[in-house]
Amino acid sequence: MKKTRLDKVVEIIQNYDVETQEELAARLRDAGFAVTQATVSRDIRELKLTKVSAAGGRQKYILLRQEGENLEDKYSRVFRDGFVSMDMAQNILVIRTVSGMAMAVAAALDAMKFPEVVGCIAGDDTIFVAVRSVDETQLLKEKLCRLIKI
């Protein structure tokens with residue numbers, strides 16, 4: 001039953017711009033699944049869904065990970081699509097994104113597993129990337145510039 005429900009969640013977010021957990025729960029209930037908000041929340045975490053900007057200033061859930069797809073390419077594409085600019089502040093790399101894309105870009109950055117990255121904190125359009133040293137921050141910045149072809 002759980003796999004069937006998770007498959008339905010993926011189908012729903014691929015066919016509709018679902019902005020909230022409540023909206024996703026309602027669509028699942030309409031499809032015959034008896035779910036609570038807590039169940040939907042767990043499903044979102046398990047599927048590793050993230051929100052990105054959609055038309056009209058709204059947001060929608062997307063699936064970052066899909067079977068049979070080259071994940072490195074997908075993460076790179078998410079990073080490039082959301083990227084606006086970046087700057088260094090000692091061992092912190094500050095990345096600016098399209099409004100509403102910081103969490104998706106940070107998730108993609110985490111998934112790429114750069115050894116220099118200690119961790120990321122994302123807001124709406126800004127990511128703080130903690131890096132081990134100033135030298136490694138410069139190295140990471142250069143890697144990301146090559147990734148986005150600056």
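Just so it is clear, the values below take in all heavy atoms, side chains as well, and ignore hydrogens, waters and symmetry mates. Predicted model, so just to flag it, every value in this text is computed and none were measured.
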Quiz prompt | CA sep, side-chain torsions, deciding dist, call: Leu147, Leu144, side chain to side chain contact (heavy atoms under 4.5 Å, CB included) | solution = CA-CA 5 Å; Leu147 179 74; Leu144 293 175; 4.2 Å; yes
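- Of the possible donor and acceptor atoms, none in the side chain of Lys51 sits under 3.5 Å from a partner among the backbone N and O of Gly100.
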Exercise. Report the C-alpha distance between Val78 and Thr50 in whole Å, list the side-chain angles of each, state the deciding distance to 0.1 Å, and finish with yes or no for side chain to side chain contact (heavy atoms under 4.5 Å, CB included).
Key: CA-CA 11 Å; Val78 169; Thr50 190; over 6 Å; no
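- Transitive grouping of hydrophobic side chains (ILVMFWY, heavy atoms separated by less than 4.5 Å) keeps Leu140 and Val118 in distinct clusters.
- Between the Gln59 side chain and the Glu19 main chain, no donor and acceptor come within less than 3.5 Å of each other.
- The CD1 atom of Ile127 sits 13.0 Å away from the CD1 atom of Ile92 when rounded to the nearest 0.5 Å.
- Using modelled atom types, no side-chain atom of Arg5 and backbone atom of Met1 make a donor-acceptor pair closer than 3.5 Å.
- Atom CZ in Phe114 sits 13.0 Å away from atom CD in Glu136 (nearest 0.5 Å).
- Leu139 and Glu116 get closest at one heavy-atom pair: CD2-OE2, 3.3 Å.
- Under a hydrophobic-cluster definition in which Ile, Leu, Val, Met, Phe, Trp and Tyr are linked whenever side-chain heavy atoms come within less than 4.5 Å, directly or via other members, Val40 and Met103 are assigned to different clusters.
- With hydrogens and angles ignored, the 3.5 Å screen pairs a side-chain donor or acceptor of Asn91 with a backbone N or O of Val131.
- Linking Ile, Leu, Val, Met, Phe, Trp and Tyr residues whenever their side-chain heavy atoms come within less than 4.5 Å leaves Val84 and Ile121 in two separate clusters.
- Across Ser76 and Met112, no two heavy atoms sit closer than the pair OG-SD, 4.1 Å.
- What you find for Leu63 and Leu47 is that their closest heavy atoms are CD1-O, 3.2 Å.
- Of all non-hydrogen atoms in Val105 and Phe79, the two that sit nearest each other are CG1-CD1, 3.5 Å.
- One hydrophobic cluster, built from ILVMFWY side chains closer than 4.5 Å, cannot hold both Phe128 and Val117; they sit in different ones.
- In this structure, Met86 and Ile148 approach most closely via the heavy-atom pair CE-CD1, 4.5 Å.
- Residue Ser99 comes nearest to Asp124 through the heavy atom pair OG-OD2, 2.9 Å, listed as atom of the first residue, atom of the second, then distance.
- Distance check: Asp43 CG to Glu46 CD gives 6.5 Å after rounding to the nearest 0.5 Å.
- The side chain to side chain contact (heavy atoms under 4.5 Å, CB included) test with Val18 is passed by exactly one of Arg27, Lys60, Arg58: Arg27.
- Atom-to-atom distance recorded for Ile13:CD1 and Leu49:CG is 4.5 Å, nearest 0.5 angstrom.
- The NZ atom of Lys2 sits 13.5 Å away from atom CZ of Phe33, with the distance rounded to the nearest 0.5 Å.
- To the nearest 0.5 Å, atom CG of residue Leu6 and atom CD1 of residue Ile44 are 11.0 Å apart.
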Quiz item: Under the side chain to side chain contact (heavy atoms under 4.5 Å, CB included) criterion, do Thr36 and Thr39 qualify, and how do the steps go?
Solution: CA-CA 5 Å; Thr36 64; Thr39 301; 3.1 Å; yes
